[in-house]
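Here the structure comes first, spelled out in structure tokens, and everything after it is commentary.
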Amino acid sequence: MVEQAKVSPQNRSFHQGAPTGPDARLQKSPASYILTFVILFGIWLLLSGRFDLLHLGLGLASCLLVTIFSADLLLPAPNTPRLPGLWFRFIKYIPWLLYQVLVANIHVMYLVFHPRMMDLIDPSIMEFDSRLKSDMSRVTLANSITLTPGTITVHISIYGHITFHVIDIESGKTLPWIMEARIADVFEE
Amino acid sequence: MINLIAAMFILLGLVFFTGGAVGIIRMPDFYSRLHPAGKLDTMGLLMSMIGIALYSVQGFSLGEVLTGLKIILIVVFVFITSPTATHAIVDAGVRAGLEPWTQQRRGEES
Amino acid sequence: MHLFFLFAAVFLALLIILSLYRAVIGPTVLDRMIGVNAVGSKTTALLILIGLLYHRVDMFVDIALAYAMLNFIAVLAASRYFQKRKGLFDEIERTPKEGDAS
């Protein structure tokens with residue numbers, strides 16, 4: 001059953017260096033436990049905002065419980081040493097994405113407030129083949145395309161075939177390809 | 001001074017919100033309505049949240065800094081979930097078999 | 001500054017009424033869902049503005065965060081539920097066209 005479910009084995013691993021055995025995604029490393037606990041406890045501190053003994057103790061207990069049960073959900077890959085570099089490149093990617101989103105937003109605003117909007121818009125459905133391999137980078141690409149106004153990801157197949165809806169031809173002409181190259185840079189593929 | 005910058009950001013956010021609300025009404029079909037609905041609202045939320053965070057973090061006391069961090073947490077959360085919600089709606093539309101509106105269909109109708 | 005926040009909140013409430021138009025009129029169920037989603041994301045901003053008006057931002061931020069999460073879950077659940085053609089067009093045409101039954 002497990003072997004049938006895996007359509008393309010080289011696509012399933014989160015990072016290239018990860019072991020690709022049948023149980024690669026089920027392995028748990030201490031680093032992923034520690035990272036999950038730190039993230040959960042940080043969110044607890046942020047949301048509670050009280051620093052007396054009762055609230056800290058409650059947060060510690062519940063975060064430990066959740067970490068023990070679900071450490072492999074938040075960080076599924078056992079390959080943690082590459083994560084800091086990945087996160088650093090990802091944080092460098094975010095300002096560029098925000099700038100593109102702002103530019104596209106202003107374009108869509110111009111379309112919306114234009115009196116002859118019906119003549120200007122030309123909705124159509126475009127598709128292209130992505131060369132991204134891992135699940136995480138494909139999700140990032142699909143979310144980035146959707147976040148940019150003018151383009152919405154309709155479907156992304158397991159082979160990386162992306163279908164997206166554009167509101168006029170200029171929005172979808174170049175941006176998804178640039179975005180894909182950037183994301184391939186971030187995830188080192 | 002900071003109040004003025006915060007007010008500018010909130011005004012910019014309101015402009016984006018207005019674009020989203022007007023776009024939902026003016027666009028011709030389901031797929032093109034999703035463009036202003038999902039994204040202009042997200043941008044408006046980002047702008048107005050930046051303004052409110054600037055306004056509320058002025059004294060640098062612990063409570064105010066926590067409030068600012070929570071506002072940033074809202075923005076991060078919305079930026080992750082808004083494309084997912086848009087994708088869920090568009091997926092439902094495709095599975096239900098809605099035809100996208102095009103300039104060609106407009107010519108046939110009129 | 002207080003007056004400015006008041007006017008911004010009132011303007012945002014008017015925009016919510018504008019999006020509610022689509023939620024009420026919208027030809028299909030999915031159009032109504034777009035309207036509801038837009039109302040939800042505007043309400044998130046409106047809640048924090050109300051918090052600024054009452055000088056209790058620390059409390060209203062939590063409510064806004066919970067509201068954003070609730071909005072997301074509601075849209076996901078509703079869009080899973082309306083993935084079929086049956087019942088989608090009942091409001092505008094009683095008899096479906098030929099070849100539509102998929």
Side-chain angles (χ1 to χ4, degrees), chain B residues 3-4 6-7 10-11 13-14 17-25 27 29-31 33-34 36-38 40-42 44-45 47-49 51-53 55-56 63-64 66-71 73-75 77-78 80-82 84-98, chain C residues 1 4-5 8 11-12 14-23 25-31 33-35 37-42 44-45 48-49 51-52 57-62 64-65 67-69 71-89 100 102:
Chain B
N3 281 358
L4 196 67
I10 293 175
L11 270 182
L14 285 183
F17 273 134
T18 314
V22 174
I24 291 177
I25 290 182
M27 286 286 175
D29 87 320
F30 163 71
Y31 292 97
R33 255 169 229 150
L34 272 170
L40 287 179
D41 278 1
T42 311
L45 198 71
M47 287 297 171
S48 49
M49 290 298 119
I52 291 171
Y55 177 76
S56 63
E64 289 182 347
L66 272 181
T67 304
L69 281 178
K70 276 182 199 169
I71 291 177
L73 191 67
I74 291 179
V75 170
F77 183 77
V78 167
I80 295 173
T81 58
S82 168
T84 314
T86 309
H87 179 73
I89 297 178
V90 88
D91 192 44
V94 168
R95 281 173 196 242
L98 288 179
Chain C
M1 206 61 186
F4 172 74
F5 287 138
F11 184 66
L12 211 50
L14 289 179
L15 286 184
I16 286 179
I17 294 175
L18 212 61
S19 330
L20 208 59
Y21 172 83
R22 180 54 69 194
I25 298 295
T28 68
V29 177
L30 294 167
D31 285 310
M33 231 154 68
I34 295 174
N37 192 14
V39 169
S41 65
K42 286 181 184 59
T44 310
I48 298 182
L49 279 176
L52 280 175
V57 194
D58 48 348
M59 188 175 78
F60 275 84
V61 158
D62 292 342
L65 188 57
Y67 195 89
M69 288 185 182
N71 188 28
F72 173 58
I73 304 282
V75 168
L76 272 193
S79 64
R80 286 295 106 180
Y81 185 71
F82 287 113
Q83 269 182 358
K84 47 201 173 204
R85 193 172 182 84
K86 189 183 171 194
L88 201 61
F89 279 99
D100 271 352
S102 58

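Below, each value reflects all heavy atoms present in this structure, side chains not excepted, and no hydrogens, waters or symmetry copies. In what follows, chains are A, B, ... by sequence order, proteins preceding strands, each numbered from 1.
- Of all non-hydrogen atoms in C:Ser19 and B:Ala21, the two that sit nearest each other are OG-CB, 4.0 Å.
- To the nearest 0.5 Å, atoms CG (C:Leu15) and CG (B:Leu14) are separated by 7.0 Å.
- Inter-residue side-chain proximity for C:Phe4 and B:Asn3 is flagged as unmet; no heavy-atom pair is nearer than 4.5 Å.
- Heavy atoms closer than 4.5 Å to chain B are found nowhere in C:Asn71, neither backbone nor side chain.
- In this structure, the portions of C:Leu18 lying under 4.5 Å from any heavy atom of chain B include both its backbone and its side chain.
- Once rounded to the nearest 0.5 Å, the distance linking CZ of B:Phe77 with CE of C:Met69 reads 4.5 Å.
- Of all the listed residues (C:Val75, C:Ile34, C:Asn37, C:Leu76), the one sharing the greatest number of non-hydrogen pairs under 4.5 Å with chain B is C:Ile34.
- Distance CZ/C:Phe11 to CD1/B:Ile10: 13.5 Å, rounded to 0.5 Å.
- Residue B:Ile25 touches chain C through both its backbone and its side chain, counting heavy-atom pairs closer than 4.5 Å.
- The closest side-chain heavy-atom distance from B:Asp91 to C:Arg80 is below 4.5 Å.
- For B:Thr81, the parts lying near chain C are the backbone and the side chain together; criterion is any non-hydrogen pair under 4.5 Å.
- Atom OH of B:Tyr55 sits about 5.0 Å away from atom CZ of C:Phe5, to the nearest 0.5 Å.
- Minimum interatomic distance between B:Gly93 and C:Leu30 (heavy atoms only, all atoms of both residues): CA-CD1, 3.5 Å.
- Of the listed residues (B:Arg33, B:Glu64, B:Met49, B:His87), the greatest number of heavy-atom pairs within a distance under 4.5 Å of chain C belongs to B:Arg33.
- Both the backbone and the side chain of B:Phe30 come within contact range of chain C, judged by heavy atoms closer than 4.5 Å.
- Here the CG-CZ distance, from C:Leu14 to B:Phe17, works out to 14.0 Å after rounding to the nearest 0.5 Å.
- Atom CE in B:Met27 sits 13.0 Å away from atom CG in C:Asp31 (nearest 0.5 Å).
- When all heavy atoms are compared, the tightest approach of C:Asp62 to B:Lys70 is OD1-NZ, 3.2 Å.
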